[in-house]
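Notes to accompany the following structure.
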Amino acid sequence: APVSLLSRFRGALVAAVLGDCVGGEFEGAEDVPLDRVLQHLSGLEDETRGDGILQYSDDTAMMRCVAHSLLTRMGFDEQDMARSFAKEYSLAPGRGYGSGVIQVLRKLASPHLSDVFQPARAQFGGRGSFGNGGAMRAAPFALAFRNAADVRKYARFGAMLTHSCSLGYNGAVLQAIAVHLSLQGDLALPQKFINKLISEMEEVENDETARNDAKVLNLAEFPYCARLHIVKELMERNNVSIEEVISELGNGIAALESVPTAIFCVLHCLEPREGLPERYGGLERTIAYSLALGGDTDTIACMAGAIAGAHYGISAIPQSWLESCEGSEEAEHLAERLFKLYDITQSDE
Ligand code: R7I
Ligand code: MG
Ligand code: MG
C-alpha cells in the first residue's frame, strides 16, 4: 500500500528519536559486532527485560526544540529557537551535548544577547564548529517547509545558531534535503535520489565561504559532493564491508563524517543484507546497520532514522521499539502538528 504523507511525517520524527535512543548504547565504541547490535535490538522486544526505557540524548532534545519553535512561531524565528535551545540545556544539561556547544548554549541564555548567531561564531578560534549538532536536529525543517529552497535556507540558519562553520551548517542542509526528498517518495528510485542530492549540494557548496573553509581545513573541493560521489560508488557494489564504509565515509562527530554516512546506511538497507535478520524490514535494517558502524552511533542512527522513517512511514516501526524509547510519543505528536502546519500554511504553492 502507498505510504501516506502523514505516515511519512510521523515515521521521520519517531525513527529519528528511536535511532538516538537505541544508538546511545554504542556511542563512541570503535568495534561493534553485529551480534551485539542484534542482541540489543531483540532486547527491546522482550517485555520481561527489567531495564526500563531507553533515554534520548541531545540529538532528540534539540530536535524537539526545533519542531516546537517552528510550530509555535509558524515558521523560523531565530530568537525563539535560540531561547528554546538555551532553556532546554539549562533544564537538562546532562543529555550528552558536545563539549564545545555547551559554551554556546550558556551564552544563548543571556537576556542581553542581541545577535543570537554571535556565540556560535566565536567557537573554535572564530571559525565555528563543524560538528554534526546542526545536522542531527535538521529533520523538522523538511516537515515545516514544502519548498526545497526554504528547507535549505532555514535548515542553514537553524544550524548556524550553534554551528557557524560551513561544514557544520551544510551538513544540516544535506540532512534536511535528504528528508525532504524522502518525504516526496524519491527513495523509490535510489539512483535518482543520490543524483538529486549531489546536484543540490553542488549549488550549496558553490559558495565562497564553503570553498574557503574546505581549503583551510585541507578537504577536497566541494567536500559534501565528493562524499556523495563515494556513496554512489558504494551503492553500486553489493559487497561493501563495514570497514570500507568507515574508512571511505567516516563514523565521527564531524558533520562531514556522519551525514553522508547516514545517507549511505539508508540506501544500503533498501534491500535485504547478509547478516541482518530476514524478518527485518528496511527501517529496522537501517537502524541496525547504523549501529554496527560504531563511532557516533546515536547521531548516525538518528539521521538515518529520519530519512528512512520518511520513506517507510510510521507503520514500519515495531511497536516494541516505540514503547522502549523515551520521547517517541511526543515525537509522533509533533509530527502530526507539523503536518497540519505544512498542509494549512503552504497549500497555495
Ligand atoms: O556538534 P555538536 O553539537 O556535537 C554533537 C555530537 C553528537 O554526537 C551528539 O550525539 C553529542 O554526543 O555530540 O557539538 P560541538 O561541541 O560543536 O562539536 C562536537 C565536537 O566536534 C567538539 O567537541 C570537537 O571535538 C569537534 N569539533 C571541532 N574540533 C576542532 N575544530 C567541532 N568543530 C571543531 C573544530 O572546528
Ligand atoms: Mg547525542
Ligand atoms: Mg552522537
Side-chain angles (χ1 to χ4, degrees), residues 16-30 32 54-66 81-82 84-86 88-89 92-108 117 119-139 155-156 158-175 209-210 212-219 223 250-259 261-262 265 287 290-291 293-306 325-327 331:
V17 173
L18 282 186
D20 179 18
C21 290
V22 303
E25 173 83 3
F26 304 109
E27 191 181 18
E30 240 172 73
V32 185
L54 297 172
Q55 299 212 323
Y56 65 74
S57 78
D58 57 328
D59 304 48
T60 297
M62 294 192 92
M63 189 178 80
R64 290 164 62 126
C65 293
V66 170
M81 200 172 283
S84 171
F85 291 153
E88 170 61 36
Y89 175 69
R95 294 267 186 196
Y97 286 87
S99 56
V101 77
I102 58 182
Q103 297 178 52
V104 179
L105 297 172
R106 289 205 187 103
K107 290 180 188 168
L108 289 178
F117 294 102
R121 285 198 295 266
Q123 293 297 95
F124 297 99
R127 205 199 46 247
S129 172
F130 54 57
N132 56 20
M136 72 190 185
R137 62 175 192 251
R156 180 170 187 266
M160 285 174 85
L161 290 168
T162 51
H163 291 68
S164 80
C165 175
S166 63
L167 275 306
Y169 60 72
N170 283 343
V173 170
L174 174 56
Q175 169 65 11
T209 309
N212 191 51
D213 285 343
K215 207 174 281 171
V216 172
L217 291 165
N218 237 323
L219 300 164
N251 62 1
I253 207 166
L256 185 65
E257 293 185 354
S258 48
V259 184
T261 311
C265 290
I287 299 280
S290 305
L291 304 198
L293 297 179
D296 195 359
T297 47
D298 66 334
T299 305
I300 294 174
C302 170
M303 296 188 295
C325 296
E326 180 194 13

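The model shown is predicted, which means the values in this text are computed figures rather than measured ones. In listed order, ligands and their atoms are each counted from 1. We use all heavy atoms of the structure for the numbers below, so side chains are in, but hydrogens, waters and symmetry mates are not.
Among all protein heavy atoms, the one lying closest to atom 11 (C) of ligand 1 is Asp58 OD2, 3.0 Å. Protein heavy atom nearest atom 33 (N) of ligand 1, with residue, atom name and distance: Phe130 N, 3.0 Å. Here the protein heavy atom with the shortest distance to atom 12 (O) of ligand 1 is Glu27 OE2, 2.9 Å. For atom 1 (O) of ligand 1, the nearest protein heavy atom (residue, atom name, distance) is His163 NE2, 2.7 Å. Ranking the protein heavy atoms by distance from atom 4 (O) of ligand 1 puts Gly98 CA, 3.8 Å first.
Selection from Asn132, Thr299, Leu217, Asp298 by nearest heavy atom to atom 6 (C) of ligand 1 gives Asn132. Scanning Gly168, Ser129, Gly125 for the heavy atom closest to atom 15 (P) of ligand 1 points to Ser129. Considering each of Gly23, Gly100, Gly24, the one bringing a non-hydrogen atom nearest atom 16 (O) of ligand 1 is Gly100.
Atoms of ligand 1 found under 4.0 Å from any heavy atom of Gly128 (numbered from 1 in listed order, with element): 36 (O). In the vicinity of Asp59, heavy-atom distances shorter than 4.0 Å reach the ligand 1 atoms 9 (C), 10 (O). The ligand atoms of ligand 1 that sit less than 4.0 angstrom from a heavy atom of Ser99 are 16 (O), 23 (O). The Asp296 neighbourhood of ligand 1 comprises atoms 7 (C), 8 (O), with distances under 4.0 Å to a heavy atom of that residue. Per-residue contacts place Gly133 under 4.0 angstrom from the following atoms of ligand 1 (heavy atoms of the residue considered): 1 (O), 2 (P), 3 (O), 5 (C). When each atom of ligand 1 is checked for a heavy atom of Ile253 under 4.0 Å away, the hits are 6 (C), 8 (O), 13 (O), 19 (C), 20 (C), 21 (O). Close approach of ligand 1 to Arg127 (heavy-atom distance below 4.0 Å) involves ligand atoms 31 (N), 35 (C), 36 (O). Those atoms of ligand 1 with a heavy atom of Gly96 less than 4.0 angstrom away are 11 (C), 12 (O).
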Next on the checklist: Run the side chain to side chain donor-acceptor pair (under 3.5 Å) test on Asp296 and Asn132 for me, step by step, so that the C-alpha distance in whole Å, both residues' side-chain angles and the decisive distance to 0.1 Å come before the verdict.
Outcome noted: CA-CA 10 Å; Asp296 195 359; Asn132 56 20; 2.7 Å; yes

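Side chain to side chain, Thr261 and Asn251 fail the donor-acceptor criterion of an N or O pair below 3.5 Å. Donor-acceptor pairing under 3.5 Å is lacking for the side chains of Ser166 and Arg156.
Classified by interplanar angle (parallel below 30°, tilted 30° to 60°, perpendicular above 60°), the ring pair Tyr97/Tyr89 is perpendicular.
Between Met136 and ligand 1, no N or O atom pair is found at a separation short of 3.5 Å. Residue contacts with ligand 1: Phe124 is placed with no nitrogen or oxygen under 3.5 Å of a nitrogen or oxygen of the ligand (distance criterion only).
For Ser290, there are no side chain to side chain donor-acceptor pair (under 3.5 Å) partners two or more places apart in sequence or in a different chain.
Side-chain contact between Thr162 and Met62 is present, with heavy atoms from C-beta onward closer than 4.5 Å. In this structure the side chain of His163 never reaches within 4.5 angstrom of the side chain of Val104, judged on heavy atoms.
For atom 27 (N) of ligand 1, the nearest protein heavy atom lies under 4.0 Å away.
Of all heavy-atom pairs between Tyr169 and Ser164, the closest is CE2-O, 3.3 Å.
For the Mg ion (ligand 3), protein N, O or S atoms closer than 2.8 Å were enumerated as Glu27 OE2, Asp296 OD1, Asp298 OD1, Thr299 OG1, with waters left out.
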